Number of protein chains: 2
Amino acid sequence: MSEDINKSLLTNGVIETLQVIGGKWKPVILYILLTEGTKRFGELRRMMPTITQGMLTNQLRELERDGMIVRRVYQEIPPKVEYFISDYGQTLSTVLGDMCGWGFQHLEYKKNKERQDQISNE
Amino acid sequence: MSEDINKSLLTNGVIETLQVIGGKWKPVILYILLTEGTKRFGELRRMMPTITQGMLTNQLRELERDGMIVRRVYQEIPPKVEYFISDYGQTLSTVLGDMCGWGFQHLEYKKNKERQDQISNE
DNA sequence: CTGGATCCAAAATGATACTG
DNA sequence: CAGTATCATTTTGGATCCAG
């Protein structure tokens, strides 16, 4: 056992998940599409004021390539493109929900620790 | 609603989690310590053949700073240092378990898709 | 044995200008 | 409107050498 931990299925599972939802913007995009449904490119951009167009395009393409979201193009002038979570992408909701929960608890934990550190410095 | 999605608690939760368990090696380290218990520095290094000493030290320090693992130093010559999951770090096991599960399913999904793609090319 | 310090390479992200 | 293309910057990871 444990002679080559990198080949462990469990470990690979976490890393695989990280490759799909990791990155600075993917969780945000997934969260928006999961909670608010279909969005157009411009809507997403306005909801993430600090992302650049290039990055948004990039992250959306990767999520689409991995099968998490669907890109629907309307052949119109001016162009119109919509994005929404695929059926398969819905399976992420549990994982993302758990990560949300843990992260939120952790933020509380950190706040409390800071407070205690301040008190012990007085 | 949704005027500044970055401030959303849910979104922040995922990102916070990613900051603690993200990175190329942290999931592996956490997995080892969660499943096999206490390990010495050298043991961890041998179990991750491709990690460098510097990176291992680095990742362990960050996990310690975030309160996920405990570093126990024995004042001996030669030095001996042990690492193990903290009580607080145990709370990660659910999240990591879910990520493992999803990632593993996803690997299967990808394998099946590849097979189908090959068939349709014949 | 553990791991600090330094330098270097690669990858992720960001800014800006341009296009059908 | 929804991108593409290019270049700059930042972050992350890796290699190597040194030390208690």
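Since this is a predicted model, take the numbers as computed values, not measurements.
Side-chain atoms of A/T94 and B/W102 form no donor-acceptor pair, as typed in the model, at a separation below 3.5 Å.
What separates NZ of B/K80 from C1' of C/dG3 is a distance of 18 Å, to the nearest Å. C/dC1 atom P lies 8 Å from atom CZ of B/R45, rounded to whole Å. In this entry the distance linking CD of A/E82 with C1' of D/dA2 reads 13 Å, nearest Å. Nucleotide D/dC1 holds its C1' atom 13 Å from the CG atom of A/L44, rounded to whole Å. In this structure, CG of A/N58 is placed 15 Å from P of C/dA15, rounded to the nearest angstrom.
For the helix from C/dC1-D/dG20 to C/dG20-D/dC1, the rotation axes defined at the first and last 5 base pairs enclose an angle of 40°, given to the nearest 10°.
For A/Y109, the side-chain contact (heavy atoms from CB on, under 4.5 Å) partners are A/H106, A/K113, B/Y88, not counting sequence neighbours. In this structure A/E82 satisfies the salt bridge (Lys or Arg N to Asp or Glu O under 4.0 Å) test together with A/R72, sequence neighbours excluded. Remark: B/E108 pairs with B/K111 by the salt bridge (Lys or Arg N to Asp or Glu O under 4.0 Å) rule, at least two apart or across chains. In this structure, B/D87 has no side-chain hydrogen bond (donor to acceptor under 3.5 Å, both in side chains) partners at least two apart in sequence or on a different chain. Every residue two or more places apart in sequence or in another chain that forms a side-chain contact (heavy atoms from CB on, under 4.5 Å) with A/Q90 is listed here: A/L34, A/I85. With sequence neighbours excluded, the residues forming a side-chain hydrogen bond (donor to acceptor under 3.5 Å, both in side chains) with A/E62 are A/K26, listed by chain and number.
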Using residues 16-23 of chain A as the side-chain source, report each donor-acceptor pair under 3.5 Å to any protein atom, sequence neighbours left out, with the distance given to one decimal.
| unit_1 | atom_1 | unit_2 | atom_2 | d |
| --- | --- | --- | --- | --- |
| A/E16 | OE2 | B/K110 | NZ | 2.9 |
| A/T17 | OG1 | A/G13 | O | 3.0 |
| A/T17 | OG1 | B/M99 | O | 2.7 |
| A/T17 | OG1 | B/G103 | N | 3.2 |

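Here B/R40 lies in heavy-atom contact (under 4.0 Å) with sugar-phosphate atoms only.
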- With sugar-phosphate taken as primed atoms, P, OP1 and OP2 and all else as base, the protein-contact string of nucleotides 3-20 of chain D at under 4.0 Å (heavy atoms; B, S, -) is BB--------SSS----B
